[in-house]
Protein chains: 2
Amino acid sequence: MSPQHNPAKRPLTLRDVSDLAGVSEMTVSRVLRGRGDVSDATRIKVVAAAKQLGYVPNKIAGALASQRVNLVAVIIPSLSNMVFPEVMSSISKVLDETPLQPVIGVTNYLPEKEESVLFEMLSWRPSGVIIAGLEHTDASRAMMRSADIPIVEIMDLDGDPIDAVVGLSQRRAGRKMARAIIKQGYRKIGFMGTNMPLDHRARKRFEGFTDALAKAGIEIADQEYYCGGSALVKGREMTKTILERSPGLDFLYYSNDMIGAGGLLYCLEQGIDVPGKVGLAGFNGVELLSGLPKHLATMDAERHDIGRIAAEIIAARAIGQEAPQRVELTPKLQFGDTLKR
Amino acid sequence: MSPQHNPAKRPLTLRDVSDLAGVSEMTVSRVLRGRGDVSDATRIKVVAAAKQLGYVPNKIAGALASQRVNLVAVIIPSLSNMVFPEVMSSISKVLDETPLQPVIGVTNYLPEKEESVLFEMLSWRPSGVIIAGLEHTDASRAMMRSADIPIVEIMDLDGDPIDAVVGLSQRRAGRKMARAIIKQGYRKIGFMGTNMPLDHRARKRFEGFTDALAKAGIEIADQEYYCGGSALVKGREMTKTILERSPGLDFLYYSNDMIGAGGLLYCLEQGIDVPGKVGLAGFNGVELLSGLPKHLATMDAERHDIGRIAAEIIAARAIGQEAPQRVELTPKLQFGDTLKR
DNA sequence: TCGCCCTATGTTATCGCTAACATATTTATT
DNA sequence: AATAAATATGTTAGCGATAACATAGGGCGA
């Protein structure tokens, strides 16, 4: 019984199904949503009719009538940083067990784009919002505040949340790494990172990092920034540049693992003693790293937990349950093979 | 003039704005959509009122009334294979110039999941669908056929498209690589790939590959499959395994660049002469590769073009313009440093 | 056997917006 | 100045579903 071709090319409605099944529209609606009491006989008739016609319900009409939309807006800065697809996949895994569905919006780290994406998404009246970071335009904050749905800001904790927040203190993560580096006796420390003033999390990590160094009376000895291009290549290039310019460096801290991996490969090729002469560390714990000849020291950002917990909060609140307002995760330092211990 | 708090907690409607502005709902609607003639004086009043209230239009109601939804469903198997985020970003770039907006659905390579994701998306009545691959369940095909919207299947060409198709012949790509390898004199060829029967594109590439080898009287000398885990690590492990089991191999073909990169790193560490003693090649041209000590031979899958063209087709058809039904792209062989020439 | 309650179905009235048409009010054209 | 044409606004009637209420039969206890 394959779907019949609809001759009028008019989109199918409940009406078409109810006519074919010989019942009312309401009964069809009940059958297709599995709500209310319907006799087995009618149920079977209706299901058969819907299938025969190839009927696909119109959620737009359904949502308008029921004032319920089972979508969750997930707003992230980028898809090319693997961190975000990973967060997404944990979110999906949790929401798959619920009637909720994630809808992704990408901001490219631009506040104005975030604002427009948010506006667009809120205009579909989602059941909740998961959004990366705590920095938003005033208009964005106002929209989220007045939307009257659960909002979960993720990844970061250093700031003033709108509603719920799940993440780690990026400043503290930076400090933690700095202390570990100092403790191992490294003193002439170089930093490499993205030249992206709008990546607030990287910025805060750097602030925490320099902060802890300062407390130990140490200053960043040299630094280098990049933007765009293949992170692995850039890491390699920046490392070459910085080491040639400041041969005395004994540690290189990278704002992310990808450039760190590039740097590591460069050092290994050059026969530099890692971590003896120069120590290296990145941030994020990307899966990729485990395939390299040496394991880069890094700090796991717990992003699977972040995604999972954020989704759980939305799911709980969507059915009227209580949920935590603030969840702090603790990044774990992984020494790998590039940080003495 | 910050958004006032809505005391009744009743969601704002056009009505609220029109009351405040002292005009009819229709006029507000016209102003906010920028359609029809409205005098500057009224426009200013209305915009001010909307802003003051923090009004966000309800697209659900709008879409139902206008029978227009500016969403494009993009259905892909996975986000963790960087290929798909890259395709997505080209799609977004094109759609950003139009009123259309992409909505992502992920199938995890499961046909049933694809079917349910598709059903879910079609129930929102999108303006078009971009979907990876040509293999779908009968129900999925039926749904797409009767949806009466442009459907663009991407990435692959070997099969029977529902509507439009943009991609490359995966079989031909496999054959092309095989011929290049044979031409350089390699004869004992090992293959490594994912153990994923549902990745039809990888399967077809492999078929094309063995096909071309067979024509030259050569058979795959050994093979190894993996599933799950870090591709880079798996590539390394499989390479070790296969080289120990079949020391006579003079070429290793990987079904994707990530495992290829792992294999390359392994060979370099082992001091194996690449490409003298053993040649290597992967597939996809991921950006990552350019950061490795040697460049892996690969074949660029043209995925930025694929995304761009698919989006252009949808955008053209959405405004009633003609658009190509079939676009074949030709993958470019990149010799890199791991395939003699 | 009466009335009560449960089950299975139908009816009616929105949900918030926009298309299409109707109605002023100006401006242009001859 | 008279009429047509354009501009600016309002009115009405849905879009396709669902919530809430209404109703028709059956079964069952007393």
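Numbers restart at 1 for each chain; the letters A, B, ... are given by sequence-line order, proteins then strands. This one's a predicted model, so the numbers in the text were calculated from it and none came from an experiment.
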task: Please say which of Val47(B), Val28(B), Val23(B) ends up in a side-chain contact (heavy atoms from CB on, under 4.5 Å) with Thr42(B).
output: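 Option passing the side-chain contact (heavy atoms from CB on, under 4.5 Å) with Thr42(B): Val23(B).
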Produce the list of close N/O pairs, under 3.5 Å, pairing protein atoms with atoms of nucleotides 7-9 of chain D; give distances to one decimal.
unit_1, atom_1, unit_2, atom_2, d
dT9(D), OP1, Ser39(B), OG, 3.3
dT9(D), OP1, Thr42(B), OG1, 2.9
dT9(D), OP2, Ser39(B), N, 2.8
dT9(D), OP2, Ser39(B), OG, 3.2
dT9(D), OP2, Thr42(B), OG1, 2.8

field: Thr137(B) side chain near Glu112(B) side chain, heavy-atom distance below 4.5 Å
entry: no
message: Side chains of Val56(B) and Trp124(A), heavy atoms from C-beta outward: is any pair under 4.5 Å?
response: no
Any side-chain N or O of [X] under 4.0 Å from OP1/OP2 of [N]?
X	N	answer
Tyr55(B)	dG16(C)	no
Arg68(A)	dC15(C)	no
Gln67(A)	dG16(C)	yes
Arg33(A)	dA19(D)	yes

- line: Axis-to-axis angle for the helix from dT1(C)-dA30(D) to dT30(C)-dA1(D), ends of five pairs each, to 10°, equals 30°
message: Could you report the tightest heavy-atom contact between Ala310(B) and Ile154(B), atom names first, then the distance?
response: CB-CG2, 3.6 Å
field: Closest approach of Lys113(B) to Asn108(B) (non-hydrogen atoms, all atoms of both residues)
entry: NZ-ND2, 4.1 Å
message: If we count only N and O atoms by modelled type, under 3.5 Å, do the side chains of Ser18(B) and Glu25(B) hold a donor and an acceptor together?
response: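 There is no such pair between these side chains.
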query: Can you find a side-chain donor-acceptor pair between His136(A) and Glu115(A) that sits under 3.5 Å?
result: no
message: Please check this pair: side chain of Ser92(B) against backbone of Met88(B), looking for a donor-acceptor N/O pair closer than 3.5 Å.
response: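 Present.
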task: Quick one: do Glu114(B) and Ser140(B) satisfy side chain to side chain contact (heavy atoms under 4.5 Å, CB included)? Show the steps, please.
output: CA-CA 8 Å; Glu114(B) 180 182 272; Ser140(B) 294; 4.2 Å; yes
query: Is the count of non-hydrogen atoms from other residues, nucleotides or ligands lying under 6.0 Å from Arg33(B) atom CZ greater than 12?
result: yes
query: Considering only heavy atoms, which members of residues 119-128 of chain B lie under 4.0 Å from some atom of DNA chain C?
result: none
- request: In sequence, state the C-alpha distance, the side-chain angles, and the governing distance for Thr107(B) and Ile75(B), and then conclude on side chain to side chain contact (heavy atoms under 4.5 Å, CB included).
  value: CA-CA 7 Å; Thr107(B) 70; Ile75(B) 299 176; 3.5 Å; yes
Mind calculating the distance between [atom1] ([X]) and [atom2] ([N]) to the nearest angstrom?
X	N	atom1	atom2	answer
Met26(B)	dA24(C)	CE	P	18 Å
Ile44(A)	dA8(C)	CD1	P	13 Å
Leu64(A)	dC15(C)	CG	C1'	4 Å

